[in-house]
Participant: 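Mind having a look at this structure? Questions to follow.
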Amino acid sequence: MRLTRFRIQDYRCFLDSDWVNVSNPTVLVGKNEAGKTSLLKALHQFNPFKPESYSMARDWPRGLRREGADAD
(Lines give C-alpha, C1' and ligand atoms only; values in the text may rest on other atoms or scores of the structure.)
Protein backbone atom coordinates (compact mmCIF):
# COMPACT_ATOMS: atom_id res chain seq x y z
CA MET A 1 0.00 0.00 0.00
CA ARG A 2 1.34 3.43 -0.94
CA LEU A 3 0.55 6.75 0.72
CA THR A 4 -0.99 9.10 -1.87
CA ARG A 5 -2.44 11.83 0.36
CA PHE A 6 -3.00 12.63 4.02
CA ARG A 7 -4.61 15.15 6.34
CA ILE A 8 -3.52 16.19 9.85
CA GLN A 9 -5.96 17.55 12.42
CA ASP A 10 -5.38 18.69 16.00
CA TYR A 11 -1.70 17.78 16.19
CA ARG A 12 0.93 20.21 17.51
CA CYS A 13 0.80 23.32 15.27
CA PHE A 14 -1.87 21.88 12.95
CA LEU A 15 -5.55 22.50 13.55
CA ASP A 16 -6.37 21.21 10.05
CA SER A 17 -3.78 20.78 7.30
CA ASP A 18 -6.38 20.09 4.60
CA TRP A 19 -5.43 17.29 2.18
CA VAL A 20 -1.75 17.02 1.22
CA ASN A 21 -0.97 15.09 -1.96
CA VAL A 22 2.11 12.86 -1.94
CA SER A 23 4.08 12.02 -5.07
CA ASN A 24 7.56 10.75 -5.82
CA PRO A 25 9.56 12.71 -4.73
CA THR A 26 7.81 14.84 -2.11
CA VAL A 27 9.74 17.79 -0.71
CA LEU A 28 8.85 19.78 2.42
CA VAL A 29 9.97 23.39 2.21
CA GLY A 30 9.28 26.22 4.64
CA LYS A 31 10.65 28.70 7.12
CA ASN A 32 11.96 27.68 10.53
CA GLU A 33 9.15 26.80 12.97
CA ALA A 34 6.68 26.37 10.06
CA GLY A 35 5.69 22.80 11.04
CA LYS A 36 7.77 20.59 8.73
CA THR A 37 8.95 18.33 11.55
CA SER A 38 5.49 18.25 13.16
CA LEU A 39 4.07 17.06 9.86
CA LEU A 40 6.62 14.23 9.71
CA LYS A 41 6.03 13.31 13.37
CA ALA A 42 2.28 13.11 12.74
CA LEU A 43 2.89 10.70 9.86
CA HIS A 44 5.24 8.69 12.06
CA GLN A 45 2.48 8.37 14.72
CA PHE A 46 0.24 6.82 12.06
CA ASN A 47 2.54 3.84 11.46
CA PRO A 48 5.61 3.96 13.73
CA PHE A 49 8.58 1.62 13.52
CA LYS A 50 9.12 2.22 17.23
CA PRO A 51 5.83 3.21 18.93
CA GLU A 52 5.84 6.52 20.78
CA SER A 53 3.02 7.39 23.16
CA TYR A 54 0.74 10.34 22.42
CA SER A 55 1.01 13.12 24.97
CA MET A 56 -1.84 15.64 25.25
CA ALA A 57 0.52 18.16 26.85
CA ARG A 58 3.06 17.84 24.02
CA ASP A 59 1.05 16.92 20.91
CA TRP A 60 -2.31 18.69 21.25
CA PRO A 61 -2.38 22.17 19.59
CA ARG A 62 -1.35 24.88 22.07
CA GLY A 63 -4.37 27.08 21.47
CA LEU A 64 -6.72 24.21 22.36
CA ARG A 65 -4.99 22.98 25.53
CA ARG A 66 -6.86 23.39 28.79
CA GLU A 67 -5.24 25.65 31.34
CA GLY A 68 -3.80 23.66 34.21
CA ALA A 69 -4.09 20.33 32.40
CA ASP A 70 -1.80 17.67 33.80
CA ALA A 71 1.32 17.00 31.71
CA ASP A 72 1.77 13.44 30.48
Participant: How long is the gap from OG1 on Thr37 to CG on Asn32, to the nearest 0.5 Å?
Facilitator: 9.5 Å
Participant: Which pair of non-hydrogen atoms, one from Cys13 and one from Gly35, has the smallest distance, and what is that distance?
Facilitator: SG-CA, 3.7 Å
Participant: Check His44 against Phe49 and note the closest heavy-atom contact, atom names and distance.
Facilitator: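 Here His44 and Phe49 meet closest at CE1-N, 3.8 Å.
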Participant: CD of Gln9 to CG of Leu15: how many Å apart, nearest 0.5 Å?
Facilitator: 9.5 Å
Participant: Between atom CD1 of Ile8 and atom CD of Gln45, what is the distance when rounded to the nearest 0.5 Å?
Facilitator: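 Atom-to-atom, Ile8:CD1 and Gln45:CD are 11.0 Å apart.
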Participant: State the OG-CZ distance between Ser17 and Phe6, to the nearest 0.5 angstrom.
Facilitator: 6.5 Å
Participant: Return the minimal non-hydrogen interatomic distance between Phe14 and Leu39, and the atom names on each side.
Facilitator: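 Phe14 and Leu39 have their closest heavy atoms at CE1-N, 3.7 Å.
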Participant: Go through Arg12 and Asp59 one step at a time and tell me if the side-chain contact (heavy atoms from CB on, under 4.5 Å) criterion holds.
Facilitator: CA-CA 5 Å; Arg12 296 194 178 194; Asp59 298 327; 2.9 Å; yes
Participant: Minimum heavy-atom separation for Lys36 and Val29, please, with both atom names.
Facilitator: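 Between these two residues, the closest heavy atoms are CD-C, 4.0 Å.
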Participant: Taking all atoms of both residues into account, what is the closest heavy-atom pair of Asp16 and Arg7, and its distance?
Facilitator: OD2-NH2, 2.7 Å
